[in-house]
Amino acid sequence: MTSIAIVGAGPQLGLAIARTFGSQGFDVALISRNREKLDGLVGTLTAEGINAAVFAADVLNRDALTQALKDATAQFGGIDVLEYSPNSGLDSTFLSTPADTDPSHVQQELEFQLYGAIAATQAVLPAMREAGTGTLLFTTGARSANPQPPTANINAAGAALRNWAINLHKELDGTGIQAAHIGIDATIGTPTFYGQPRVTADRISPLYWELHTTHRNQPERIFRA
């Protein structure tokens, strides 16, 4: 069986990605810090005939994140696809403009976006190298490539993750392992944010399947509504 681990799984994009891969026969490992919410997602997916399981972990706790991925690997016999897209939510995220940014404002976002992605990758990449196949997908807002002043600290950390993911794609060229960045230039399931269009997650999730299957040579896709 094939499997996907979705780090930062939630009821919008995470659920849509789970459905996209699950409908193709993938087992689904859902990872985030809120076990109760994940249990609800597993119930939804199970009702749709998709085999899914919960592995609770906070991406800010790298040891717990690594253990969750190890547990998912043990349960499903391996992780074929890693998707990383944690989202703390704008209601709980501090925002700063470039001139008002303190290093601590960026550090928190780096811990959340870049360092968590690196830890997750380190947990699954060795087995992918041994197998000679695998897919690593990393999600940010599109402002990681086109920053805007109101969200400077988030954009800076997202840009760091984007840079690292694209560089990883270059390093893994020829190994059978795909690494790619997805930038989303839209707001999913919430009121529009600074003029971004609002979309449903099921319009975005096919990009992930394409990067895993037919577009493995691409290091990046930007979704624009």
Side-chain angles (χ1 to χ4, degrees), residues 4-10 12-14 17 29-35 37-38 54-73 79 81-96 98 100-129 134-148 151-172 175 177-184 208 211 219-222:
I4 179 171
I6 302 172
V7 179
Q12 299 291 339
L13 183 60
I17 294 170
L30 300 175
I31 301 174
S32 81
R33 61 189 174 185
N34 191 320
R35 178 177 292 275
K37 289 183 179 179
L38 291 182
V54 171
F55 302 90
D58 189 332
V59 298
L60 296 176
N61 184 336
R62 253 89 73 187
D63 289 341
L65 176 58
T66 298
Q67 188 60 52
L69 287 163
K70 287 182 178 179
D71 292 344
T73 297
I79 299 297
V81 179
L82 170 71
E83 193 280 320
Y84 187 86
S85 57
N87 182 4
S88 60
L90 289 173
D91 57 342
S92 60
T93 300
F94 181 84
L95 305 178
S96 65
D100 291 332
T101 296
D102 182 86
S104 64
H105 302 157
V106 179
Q107 181 63 34
Q108 175 68 14
E109 289 301 318
L110 284 171
E111 295 278 353
F112 193 71
Q113 297 193 55
L114 177 62
Y115 301 159
I118 291 173
T121 300
Q122 289 175 338
V124 302
L125 182 55
M128 290 182 178
R129 285 189 182 275
T135 299
L136 304 161
L137 303 173
F138 307 95
T139 304
T140 71
R143 286 172 178 167
S144 60
N146 180 29
Q148 298 295 324
T151 52
N153 58 321
I154 296 176
N155 297 165
L161 176 53
R162 174 179 180 261
N163 179 289
W164 181 81
I166 292 173
N167 211 13
L168 182 62
H169 175 92
K170 294 177 181 179
E171 180 185 5
L172 295 175
T175 67
I177 303 168
Q178 155 71 322
H181 167 254
I182 299 92
I184 300 176
Y208 294 80
L211 285 167
E220 180 175 57
R221 295 284 295 275
I222 303 294

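- Annotation: side chain of Y208 is not in contact with side chain of I4 (no heavy-atom distance under 4.5 Å).
- Taking all atoms of both residues into account, the shortest heavy-atom contact from N155 to P147 is OD1-CA, 3.5 Å.
- Residues L136 and L172 form a side-chain contact, since some pair of their non-hydrogen atoms from C-beta on lies under 4.5 Å apart.
- The two residues L65 and D58 make their nearest non-hydrogen contact at CB-O, 4.3 Å.
- The structure places CG of L161 at 10.5 Å from CG of L168, a figure rounded to the nearest 0.5 Å.
- In this structure, the side chains of S144 and H181 come closer than 4.5 Å at one or more pairs of heavy atoms.
- Rounded to the nearest 0.5 angstrom, I182 CD1 and E83 CD are separated by 6.5 Å.
- We find the OG1-CD1 distance between T135 and I177 to be 9.0 Å, quoted to the nearest 0.5 Å.
- With 3.5 Å as the limit, one finds a donor-acceptor pair spanning the side chains of S104 and D102.
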### Query
Would D63 and Q67 count as a side chain to side chain donor-acceptor pair (under 3.5 Å) if you check the C-alpha gap in whole Å, the side-chain angles of each, and the deciding distance to 0.1 Å?
CA-CA 6 Å; D63 289 341; Q67 188 60 52; over 6 Å; no
#### Entry: side chain to side chain contact (heavy atoms under 4.5 Å, CB included) evaluation trace for Q178 with L211
CA-CA 8 Å; Q178 155 71 322; L211 285 167; 3.9 Å; yes
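- Of all heavy-atom pairs between I222 and A142, the closest is CG2-CB, 4.2 Å.
- Side chains of D100 and S96: no donor on one and acceptor on the other come within 3.5 Å.
- Using a 4.5 Å cut-off on side-chain heavy atoms (C-beta onward), Q107 and Y115 make contact.
- Taking all atoms of both residues into account, the shortest heavy-atom contact from A156 to V106 is CB-CG1, 4.3 Å.
- For the residue pair G134 and M128, the shortest heavy atom distance occurs at CA-SD, 3.8 Å.
- I31 is listed as a side-chain neighbour of L69, based on a closest heavy-atom distance under 4.5 Å.
- Scanning all heavy atoms of the two residues, the minimum distance from A9 to L30 falls at CB-CD2, 3.7 Å.
- To the nearest 0.5 Å, atom NE2 of residue H105 and atom CD1 of residue I154 are 11.5 Å apart.
- Screening residues 153-172 for salt bridge (Lys or Arg N to Asp or Glu O under 4.0 Å) gives R129-E171, R162-E220 as the qualifying pairs, with residues at least two apart or on separate chains.
- With rounding to the nearest 0.5 angstrom, the OG1 atom of T66 is 9.0 Å from the CG atom of N61.
- To the nearest 0.5 angstrom, Q113 atom CD is 10.5 Å from T139 atom OG1.
- A heavy-atom distance below 4.5 Å is found between the side chains of V59 and Y84.
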